[in-house]
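Just below is one structure, and these are the notes that go with it.
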Amino acid sequence: MKEILYSSTRGDKGRIRASEAILRGLAPDGGLYVPDSIPGLEKTLREISSLTYQETAYEVMKLLLTDYTEEELKYCISHAYDSKFDTEEIAPLSEAGGAYYLELYHGATIAFKDMALSILPYLMTTAAKKNNVKNEIVILTATSGDTGKAALAGFADVPGTRIIVFYPKHGVSPIQEQQMVTQKGDNTCVIGIEGNFDDAQTGVKKIFTDPKLKELLDSKGFQFSSANSINIGRLVPQIVYYVYSYAKLLKEGRIAEGDPINVVVPTGNFGNILAAYYAKNMGVPIAKLICASNSNKVLFDFFKSGEYDRNREFVLTSSPSMDILISSNLERLIYHIAGNSAEADAAYMEKLTKEGRYEITDEMRSKLTDFYGGFATEEETFATIADLFNKTGYLIDTHTAVAASVYGKYVKETGDKTVTVIASTASPYKFTRSVMNALGHGDDNCDDFALADKLSEISGVAIPEAVESIRNAEIRHKTVVDKTQMEKAVKDFLKV
């Protein structure tokens with residue numbers, strides 16, 4: 001099996017092994033780590049169709065994490081995808097309204113981030129041992145709502161690690177915030193910032209790339225790593241469920257081997273849809289990658305015009321995990337369509353930093369024909385939730401509804417009836433108030449937990465344990481800082 005090495009999208013010269021890239025999270029030059037090639041699947045999709053989720057994960061991940069031994073990788077997978085998921089399937093497929101919903105929210109925190117963040121702590125602690133790391137690893141993460149809780153749950157009380165999560169104080173749902181601020185674990189720290197997600201993400205990147213801070217932390221026995229989707233250890237596990245969903249459709253006779261499928265992904269930071277792009281390049285017959293945006297439609301405009309421009313109003317929506325104007329993982333795609341040119345990518349990212357915009361070449365645009373960009377307004381999102389539930393009894397959250405709405409527009413515009421998988425990225429109970437409003441049962445006098453009880457009555461869908469367990473939990477994290485004080489907050493927590 002060919003060894004896959006990783007290098008920075010911005011040209012940091014060294015190529016490193018997968019375990020080193022996972023430990024670092026972000027390259028020293030601020031770039032993201034990308035594999036030097038995308039390997040093809042070794043087994044046929046027909047062969048994979050007889051495998052469990054865990055077995056499928058091994059078949060995919062062994063190809064990209066080539067310096068992990070079989071024993072190490074199987075240990076990580078078996079400990080990640082276990083009884084913390086409420087279904088043996090891990091990622092079930094449900095048919096509703098003419099599409100297949102890939103339910104990625106059956107983990108401990110009821111959002112798709114669990115799919116990668118259940119395994120990242122195991123990949124990272126294994127990597128630390130492999131690379132003789134003596135420092136304590138400090139996971140530093142910005143979240144728009146879901147990554148934070150999933151990372152906290154994954155790393156809580158993991159020996160040799162600490163985790164610091166920044167989130168926009170007024171930019172997440174009440175359930176999301178409650179999940180984070182009640183998190184147990186002596187090594188956990190949750191900090192709200194007065195600003196939006198882009199402010200949090202920019203602040204984290206700045207802290208990561210500060211050489212003086214790195215030197216200070218090293219002298220105190222610490223080193224940073226990331227649990228954001230900028231970490232390749234987050235991206236690789238996400239490829240698995242696109243391979244698995246195709247194999248499952250094949251096993252159930254919904255498609256024949258080699259038949260194309262379309263994939264629709266509600267998109268914010270671009271990691272989830274980039275994983276589908278990698279799955280396609282590994283041999284999954286994905287025809288269209290449908291990128292669904294909410295009112296923060298910077299990606300829709302990019303696919304339409306070739307111009308990425310974050311100089312616009314930031315809109316708070318009912319799908320907060322997509323309220324993003326700087327889609328970090330898009331940088332990996334830019335690197336690939338620029339002919340794997342770190343020089344070109346670095347120039348685009350410098351323009352984005354200095355001017356807030358860049359425009360790709362016509363040649364690069366010609367390599368984006370597999371992508372289709374669409375967006376849904378708040379009204380369309382709510383209407384989609386109600387329409388799907390009223391017609392089929394199937395309940396979806398606001399992010400999934402953005403994807404379903406965009407898919408409806410795509411079919412209307414193109415007439416394309418290819419079998420389609422929609423990434424269902426969160427439980428409706430994570431955004432109870434918005435879902436209840438969409439169904440016409442909103443009540444401003446009820447808190448989100450009382451609304452969850454009512455939603456369960458209406459839908460017949462049981463309230464997940466992830467919601468029940470925080471209903472009366474103690475609030476342990478109360479720190480809120482200005483976006484300019486993030487570095488100080490990190491130093492305070494680490495006592496350096």
Side-chain angles (χ1 to χ4, degrees), residues 23-26 28 30 109 113 117 120-121 124-125 128 133-172 174 176-231 234 320 326 328 470 473-496:
L23 277 173
R24 291 186 188 180
L26 195 67
T109 74
K113 307 293 173 76
L117 283 163
L120 184 62
M124 196 168 282
T125 50
V133 170
K134 299 291 185 271
N135 282 345
E136 197 166 349
I137 297 166
V138 180
I139 305 298
L140 187 64
T141 289
T143 184
S144 53
D146 287 339
T147 288
K149 173 58 182 180
L152 288 160
F155 281 94
D157 292 324
V158 171
T161 70
R162 298 197 197 185
I163 177 165
I164 305 169
V165 170
F166 289 100
Y167 74 98
K169 175 63 183 169
H170 307 291
V172 300
Q176 285 178 313
E177 183 172 41
Q178 186 78 353
Q179 281 187 307
M180 288 188 282
V181 298
T182 58
Q183 177 64 50
K184 295 177 181 177
D186 292 338
N187 66 336
T188 64
C189 175
V190 179
I191 301 169
I193 70 156
E194 297 293 354
N196 60 40
F197 170 72
D198 288 333
D199 295 325
Q201 183 167 248
T202 300
V204 163
K205 283 186 175 180
K206 188 178 176 186
I207 293 168
F208 253 110
T209 52
D210 183 337
K212 286 185 180 176
L213 184 58
K214 182 182 178 183
E215 195 177 318
L216 171 65
L217 289 183
D218 189 53
S219 71
K220 302 291 185 181
F222 297 113
Q223 69 185 64
F224 283 134
S225 191
S226 172
N228 276 83
S229 56
I230 55 176
N231 192 317
R234 272 280 303 276
I326 304 172
S328 287
I470 60 169
E474 175 197 358
I475 294 175
R476 304 181 74 250
H477 305 275
K478 300 174 182 177
T479 305
V480 179
V481 301
D482 186 78
K483 63 185 179 183
T484 60
Q485 297 297 306
M486 290 170 63
E487 183 178 320
K488 182 180 182 301
V490 168
K491 288 178 176 176
D492 287 348
F493 175 63
L494 298 176
K495 297 183 171 61
V496 299

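Treat the numbers as computed from the prediction; the structure is a model and nothing was measured.
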According to the salt bridge (Lys or Arg N to Asp or Glu O under 4.0 Å) rule, which pairs have a member within residues 185-203, sequence neighbours left out?
D199-K483
Please check if the side chain of R162 supplies one atom and the backbone of N187 the other of a donor-acceptor pair under 3.5 Å.
no
At their closest point, which heavy atom of S225 faces which heavy atom of G25, and how far apart are they?
OG-N, 3.9 Å
How far apart are the closest heavy atoms of A142 and T147, and which atoms are they?
O-CG2, 4.5 Å
Distance (rounded to the nearest 0.5 Å) between K205 NZ and N228 CG:
9.0 Å
Quick note, ring-ring contact (aromatic ring centres under 6.0 Å, His included) partners involving residues 149-172, not counting sequence neighbours, are none
Donor-acceptor pair, T141 side chain versus A227 backbone, under 3.5 Å?
yes
Please list all pairs meeting side chain to side chain donor-acceptor pair (under 3.5 Å) that have one or both residues in residues 212-222, counting only residues at least two apart or in different chains.
N135-D218
Closest non-hydrogen atoms of S328 and I230, given as atom of the first, atom of the second and distance, are CB-CG2, 3.8 Å
Where at least one partner belongs to residues 149-159, residue pairs that pass salt bridge (Lys or Arg N to Asp or Glu O under 4.0 Å), sequence neighbours excluded:
none
CA sep, side-chain torsions, deciding dist, call: V181, K478, side-chain contact (heavy atoms from CB on, under 4.5 Å):
CA-CA 7 Å; V181 298; K478 300 174 182 177; over 6 Å; no
Classify the side-chain pair K113/T143 by whether it contains a donor and acceptor separated by less than 3.5 Å.
no
How many angstroms lie between atom SG of C189 and atom CG of L140, to the nearest 0.5 angstrom?
10.0 Å
Between T109 and Q179, is any side-chain donor less than 3.5 angstrom from a side-chain acceptor?
no
Within the structure provided, determine whether R234 and L117 are in side-chain contact (heavy-atom separation under 4.5 Å).
yes
Please list all pairs meeting salt bridge (Lys or Arg N to Asp or Glu O under 4.0 Å) that have one or both residues in residues 221-231, counting only residues at least two apart or in different chains.
none
State, with a plain yes or no, whether a side-chain heavy atom of L26 is found less than 4.5 Å away from one of S226.
no
Excluding sequence neighbours, so at least two apart, what forms side chain to side chain donor-acceptor pair (under 3.5 Å) with T484?
D482
In Å, rounded to the nearest 0.5 Å, how long is the span from CG of D146 to CD of Q176?
5.0 Å
Residues at least two apart in sequence or cross-chain that pass side-chain contact (heavy atoms from CB on, under 4.5 Å) with T202, listed by chain then number, are I326
Could you give the distance from OG1 (T161) to CD (E136), rounded to the nearest 0.5 Å?
7.0 Å
ring-ring contact (aromatic ring centres under 6.0 Å, His included) pairs touching residues 189-229, sequence neighbours excluded, are F208-F224
Contacts of type salt bridge (charged side-chain N to carboxylate O under 4.0 Å, His left out), residue K184, not counting sequence neighbours
none
Can you name the side chain to side chain donor-acceptor pair (under 3.5 Å) partners of Q178, sequence neighbours left out?
none
4.5 Å side-chain heavy-atom contact, M124 and N231
yes
Compile the donor-acceptor pairs under 3.5 Å between side chains in residues 489-496 and protein atoms, sequence neighbours left out, one pair per line.
unit_1, atom_1, unit_2, atom_2, d
K491, NZ, E487, OE2, 3.2
D492, OD2, K488, NZ, 3.0

On a heavy-atom basis, which atom in R476 and which in Q183 lie closest, and how many Å separate them?
NH1-O, 2.9 Å
Taken in chain and number order and not counting sequence neighbours, the residues that satisfy side chain to side chain donor-acceptor pair (under 3.5 Å) with N196 are none
I191 side chain reached by M486 side chain, heavy atoms, under 4.5 Å:
no
